[in-house]
Engineer: 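Dropping the structure in here first, questions after.
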Number of protein chains: 2
Amino acid sequence: MTNIAPIIHKTRTQLVVEALRERILSGEIKGGEPLRQSAIAEQLNVSRIPVREALVQLEAEGLVNFEPHKGATAIALSVEQVTELFQLRALIEADLLARAIPNLKPADFEEAENVLEQLESAFKQQHSIASWSELNTQFHNCLYKAANRPHTLDVVDGLNTNCDRYIRLQLLLTGGIPIAEREHRSLLSLCKQGNIPAATELLQNHILGALTAIKALVIQQLK
Amino acid sequence: MTNIAPIIHKTRTQLVVEALRERILSGEIKGGEPLRQSAIAEQLNVSRIPVREALVQLEAEGLVNFEPHKGATAIALSVEQVTELFQLRALIEADLLARAIPNLKPADFEEAENVLEQLESAFKQQHSIASWSELNTQFHNCLYKAANRPHTLDVVDGLNTNCDRYIRLQLLLTGGIPIAEREHRSLLSLCKQGNIPAATELLQNHILGALTAIKALVIQQLK
DNA sequence: ATGAATTAAAAAATTAACAATATTACGCTT
DNA sequence: AAGCGTAATATTGTTAATTTTTTAATTCAT
C-alpha cells in the first residue's frame, strides 16, 4: 500500500496561508503585529487578493484578527486564553481517547509506534521544532481517529494550531521533549491494555502538565 | 445605559456571508448543491471577489466545502455527523455550564429571563424560525458567558450554526418548541439554586433529546 | 465499439486598476 | 498650548479583465 504522493497544485492562497501560519507559529511574526496586505503580497510575489483570502482563512483558524477597513493583526494570546485552550483540549481529547480505545486495532498501534520512532529520531537529529510539532499531533490523531469523530478531530486540530506557538516555546526553552516522549510511550501502552480510565487520566495530565510548564515559562519571562 | 446602535459599514463580503449562511441554514440551498461564484455574484450584485472571500469564510464555519479549482458546495451532513455534533455540544456545554453556575449573578438571571420571555413571545407571534433560533442560542450563551471562556464559547457557537439547519427542521415539523421552553425554565431555576449536577444533567438531556427527535424525523423522511 | 489523446468550453484563480474608508498630519480657533 | 476640523496619505475594499485549470466533448487509433 505505497501511498503515491498526489501531484498537488497549490493555489497562491494556500501558499500564503502556509507561509503566514508558519511565521506566526514560529514567533517570527509576533502577537499584535499588523499584517499589511501589500507588503505581504510583495514579499511573496503574489497580488493582494490571495493575501486577503489567506487572511480570512487564518482569521477562521484563530491566528489572525481581521477588522473591516482596518486590516489584519496577528492574534496575541494571554496566559488566561492559553489556559482555556489547553483545558478545552484536555476535555475533548480525553473524550476522544475514551471513545477510540475500544476500537483500536493492531494496525493503529503499529502506526503509532512508527510515528513515535520518527518523533524520537527527529528530536535526536535536531530537526526543526516545526516538524516535531507536526509529528506530535500526528501521534495523537493516530490514536484519536479510531473514535470515528471527524468533526471533533477538526476542532481539536484547530485548538492545537492555536496552542502550537506556546508548545514550541516550551519545547525550545525547557527540557519538554523527553518528558513528552516518556508520556507518549506510557500512553500507548495503556491504550494497548485497554485501560480507559488510566489512559484518559494520563492524557489529561500530559496536556495540563505542558500548560503548567508554559505558564511557568511565561511568568519567568515577565520578570 | 442606552446602547447606541453603532453605524455599521458592512462590507460586501459580510453581506454575501450572511445571505448564503441564511440560505443554507433555512434549507433553501440544500446539502451538496454547488455554489457557482459567478451566479451568486450576479444574484447579489457584487463582483466575484467578495463571493470568494465569503465562501472561504463559510468553509471555516463548516457550512461549505471549497475545493481548489473545483468550486464550492454546501455541506451535507449525515445522521452520524449530526450525532457527533450534538454529542460534542453536550460535552462542552455541560462543562461550560458547570464552570458558569458559581459565577452567575442576579443580573445574569434577569437577562436570561428577559431572553426567555422574548423567546416565548417570538413563538406565539409566529415569528420566523430564524429569530427563534437566534434567541435560543442567546439564552444558552447568556448562561455560559459567566464561565469566562470566550474561546470555548466560540467553538460552541460554531457547532451551533452547524446544527442549526436540523434544529430548525425539528422545530418546524415537530412540537419541539414547547418542550424546549419548559426545559429552559427548569434549567434556569436549577442554575439559580446552584445545583450543578442536576443542571448539567438536564442540559445534556436537553441537547441529546433534541438529537433523538431529529434522528426520528430523518428516519421517517427516508421511508 | 473501447479507450487514449486532443481540443473546446466552463469555471475558478489571479492580476492590475479603481473606489471607498480610515489614519495621520497640519493649521486654525479659542 | 489644547482641542477641533480639514486636507493629505496610506490602506483597505471592489471591480473588470486576464490567465490558468479542470471538465466535457470530440477525434483518432486499436
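Labels below follow one simple rule: chain letters A, B, ... track the order of the sequence lines, proteins then strands, and each chain is numbered from 1.
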Engineer: Under 3.5 Å, is there a donor-acceptor pair between the B/Asn136 and B/His184 side chains?
Structural biologist: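 Checked: B/Asn136/B/His184 side chains pair up, N/O donor to acceptor below 3.5 Å.
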
Engineer: Contact class for B/Arg36 vs. all strands (heavy atom < 4.0 Å): base, sugar-phosphate, or nothing?
Structural biologist: sugar-phosphate

Engineer: How many whole angstroms separate atom CD of A/Gln14 from atom C1' of C/dT14?
Structural biologist: 14 Å

Engineer: For A/Ala147, enumerate each residue passing the side-chain contact (heavy atoms from CB on, under 4.5 Å) test, keeping only those at least two apart in sequence or located in another chain.
Structural biologist: A/Leu96, A/Arg99, A/Ala100, A/Arg149

Engineer: Does A/Gln37 make a side-chain N or O approach to OP1 or OP2 of D/dA10 shorter than 4.0 Å?
Structural biologist: no

Engineer: Round to the nearest Å and state the distance from A/Arg48 atom CZ to C/dA20 atom C1'.
Structural biologist: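 Rounded to the whole Å, the gap is 12 Å.
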
Engineer: Determine whether the side chains of A/Glu33 and A/Thr73 contain a donor N or O and an acceptor N or O closer than 3.5 Å.
Structural biologist: no

Engineer: Expressed in angstrom and rounded to an integer, what is the separation of A/Glu67 atom CD from D/dT11 atom P?
Structural biologist: 17 Å

Engineer: May I ask you to evaluate whether A/Thr13 reaches the phosphate of C/dT14, defined as a side-chain N or O under 4.0 Å from OP1 or OP2?
Structural biologist: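 Yes, because at least one side-chain N or O of A/Thr13 sits under 4.0 Å from OP1 or OP2 of C/dT14.
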
Engineer: Just the rounded figure in Å: distance from P of D/dT18 to CD1 of B/Ile49.
Structural biologist: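 Result: 15 Å.
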
Engineer: Provide, to the nearest angstrom, the distance between the NE2 atom belonging to A/His69 and the C1' atom belonging to D/dT14.
Structural biologist: 10 Å

Engineer: Please report, rounded to the nearest Å, how far the C1' atom of D/dT11 is from the CD atom of A/Glu42.
Structural biologist: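 Value for this atom pair: 14 Å.
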
Engineer: Can you tell me which residue among B/Leu203, B/Thr152, B/Leu88 is in a side-chain contact (heavy atoms from CB on, under 4.5 Å) with B/Glu93?
Structural biologist: B/Leu203

Engineer: With no hydrogens and no angle check, do the side chains of A/Asp157 and A/Asn141 hold a donor and an acceptor under 3.5 Å apart?
Structural biologist: yes

Engineer: Taking the minimum atom-to-atom distance to the side chain of B/Lys70, which one of D/dT15, D/dT14, D/dT22 wins?
Structural biologist: D/dT22

Engineer: What is the distance, rounded to the nearest whole Å, between atom NZ of B/Lys10 and atom C1' of D/dT14?
Structural biologist: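 The answer, rounded to whole Å, is 18 Å.
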
Engineer: Is there a side-chain contact between A/Arg52 and the phosphate of C/dT14, meaning an N or O under 4.0 Å from OP1 or OP2?
Structural biologist: no

Engineer: Rounded to whole angstroms, how far apart are CG on B/Leu44 and P on D/dG13?
Structural biologist: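 These atoms are roughly 19 Å apart.
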
Engineer: Establish, with yes or no, whether the OP1 or OP2 oxygen of D/dT15 is under 4.0 angstrom from a side-chain nitrogen or oxygen of B/Arg12.
Structural biologist: yes

